[in-house]
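Report on the structure given below.
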Number of protein chains: 2
Amino acid sequence: MRVTQGTSEASAVSLEDQAFERLRHALMEGIFAPGQKLSIRRVAAALGTSPMPARTALRRLATEQALDVLSSGTAIVPRLTRRAFRELSAIRATLEPMAVAMAAGRIDEGQFAALERMILGGEAARAGNDPEGMLRADRDFLFALYRAAAAPMLYGIIESLWLRRGPMFWDARWIILGRNPTGNQHREVLQALRARDGVTAAAELKAEIEAAADYLLSRMRFADDPDDPEGIVRLRPLSLRKLSGKPTGG
Amino acid sequence: MRVTQGTSEASAVSLEDQAFERLRHALMEGIFAPGQKLSIRRVAAALGTSPMPARTALRRLATEQALDVLSSGTAIVPRLTRRAFRELSAIRATLEPMAVAMAAGRIDEGQFAALERMILGGEAARAGNDPEGMLRADRDFLFALYRAAAAPMLYGIIESLWLRRGPMFWDARWIILGRNPTGNQHREVLQALRARDGVTAAAELKAEIEAAADYLLSRMRFADDPDDPEGIVRLRPLSLRKLSGKPTGG
DNA sequence: TTTGTCATAGTGTGATCACAAAATGCGAGT
DNA sequence: ACTCGCATTTTGTGATCACACTATGACAAA
């Protein structure tokens, strides 16, 4: 959890804001694990500040649901239950297509070119077995669209959704990479946006989000999943008989 | 802005959390005016605490978009532009029906009775020219529904939407009271929920929110509305002729 | 009347401290 | 191995302080 010191242009931005952004980035990039406790003093030490900026930044993150707070007051990286993940995905499937529809007709040719490059970057990362690069490219693509919507409240809400699920989603990056077919509909979204067809773009994204949620629900473990009692039973007993040259299986 | 000291059961809750809740309540109940600056020291003095709890509470509120922050760092109660109000209303029209649909089938008979009483309370407040009572009853009704949805993330997002528009909405309470017909569809929503028809309940609420937004857009002033140059021209000149016993009009 | 300058007051921020509560580790007993 | 008690460490919270920056008001000049 060693995070680097800010850059020189940061001198005009408060330490608190810098800490806030640094922590948001850390949440999105899997630097924190779900369930990890973030103590004010330890975060401050890692950031190289006094506890104050870290303290406020952590509280701010809790307010936007990026972090949870234990009864002791300690901030903790969320571990999502199945139910919470379903809820979060349903909200995403509702709001992100809305943002895409709002972006339709607001994207210029330069932005289209940049978006195309992001798609190519994501595809290259997939082909190169680079799950981190894939997640980043996909995220950059979508957030470029949401920025284009010019709807600051909506953008802020979407950000908080992504922050809350950031750590566990990062943990699932190999699962996502291993999905075949990919389920990625960014090209379809972009094509519809080029045609100024916000309705189709929104529908394509909604379908993508919902299918991806279903896929992850079928592949991941969640915070309240019961220990699988059959898991151990599925370990078949070792065969104690002498090997007779025939494979015994198991 | 004198706000009262907490109650005895508050001793187990941090001052910061108490300050946070107190300020949220103040935003919803029109205690702050749009555009009002909230200085840490003045809020702390009013709450009777040191600046620390007030400071963190204000920062938290800014994080959830309930307050804005000036470049100086001072927190300010939002004044919404027309565009921002439209955006906020569109998000509400999308998310609140979603919560109502989720609540369908989760409301027991005791809750229905309480919801009915809230509707009656709102109607009585309207009939008694009590705009504050009306707003409270309507709010209580809707938030009871959203709580019944048992979707904590969605509930938190809806809360932040309501907080952001709280002050200016409060300022519009007489405009809302004066609306005739009221446009209030809570009875229809409740009826659909009784019939376990979440789709209809959601549609009724969506229609209500959208119509209410249109109504307010047509009646209220917003932060970036241009000064109406025709307003002064519409003041007709006084008549300088001697009064001749006939009303001159104007 | 308007504009510019300057002094003062107000403000947010980061640092630090003290204290109470919570967490942790260790040893003893069952 | 597990549980309990105790001492120690860690932790969050509120209070306070100092400093740099911002906002405001008063006064003089045009």
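The model shown is predicted, which means the values in this text are computed figures rather than measured ones.
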Difference in axis direction between the ends of the helix from C/dT1-D/dA30 to C/dT30-D/dA1, five pairs, 10°: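 End-to-end axis angle for the helix from C/dT1-D/dA30 to C/dT30-D/dA1: 30°, rounded to 10°.
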Residue whose nearest DNA chain C nucleotide is more 5′ - A/Pro51 or A/Leu70: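 Its nucleotide being nearer the 5' end, the pick is A/Pro51.
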First-last contacting nucleotides on DNA chain D - partner chain A, under 4.0 angstrom, heavy atom: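 Footprint of chain A along DNA chain D, 5' to 3': D/dT11 to D/dG14.
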Sequence-distant partners of B/Asp17, salt bridge (charged side-chain N to carboxylate O under 4.0 Å, His left out), two or more places apart: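 If we apply the salt bridge (charged side-chain N to carboxylate O under 4.0 Å, His left out) test to B/Asp17, skipping adjacent residues, the hits are B/Arg60.
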Salt bridge (charged side-chain N to carboxylate O under 4.0 Å, His left out) involving B/Arg55 - partner list, sequence neighbours excluded: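 Result, salt bridge (charged side-chain N to carboxylate O under 4.0 Å, His left out) vs B/Arg55: none returned.
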Tabulated below should be each protein N or O lying under 3.5 Å from an N or O of nucleotides 8-13 of chain C; please produce it.
| from | atom 1 | to | atom 2 | distance (Å) |
| --- | --- | --- | --- | --- |
| C/dG12 | OP1 | B/Ile40 | N | 3.4 |
| C/dG12 | OP2 | B/Ile40 | N | 2.9 |
| C/dG12 | N7 | B/Arg41 | NH1 | 3.0 |
| C/dG12 | O6 | B/Arg41 | NH2 | 2.9 |
| C/dT13 | OP1 | B/Arg59 | NH2 | 3.1 |
| C/dT13 | OP2 | B/Arg59 | NH2 | 2.7 |

Test salt bridge (charged side-chain N to carboxylate O under 4.0 Å, His left out) applied to A/Arg173 and A/Asp130, step by step: CA-CA 9 Å; A/Arg173 63 195 182 283; A/Asp130 172 17; over 6 Å; no
Heavy-atom side-chain contact between B/Ile158 and B/Arg92 under 4.5 Å: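 Heavy-atom side-chain distance check fails, nothing below 4.5 Å.
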B/Glu29/B/Arg139 under salt bridge (charged side-chain N to carboxylate O under 4.0 Å, His left out): CA gap, chis, key distance, verdict: CA-CA 11 Å; B/Glu29 294 271 332; B/Arg139 187 180 74 215; 2.9 Å; yes
Ring geometry between A/Trp162 and A/Phe143 (parallel below 30°, tilted from 30 to 60°, perpendicular above 60°):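 Perpendicular, since the angle between the ring planes exceeds 60°.
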Listed once per pair and sorted, the side-chain hydrogen bond (donor to acceptor under 3.5 Å, both in side chains) pairs that draw on residues 43-52 of chain A, sequence neighbours left out: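 The answer is none; no pair qualifies.
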B/Phe141 side, atom CZ; B/Met118 side, atom CE - distance, nearest 0.5 Å: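 CE of B/Met118 is found 8.5 Å from CZ of B/Phe141.
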Short N-O contact, B/Glu64 and B/Arg24, less than 4.0 angstrom: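 A salt bridge links B/Glu64 with B/Arg24.
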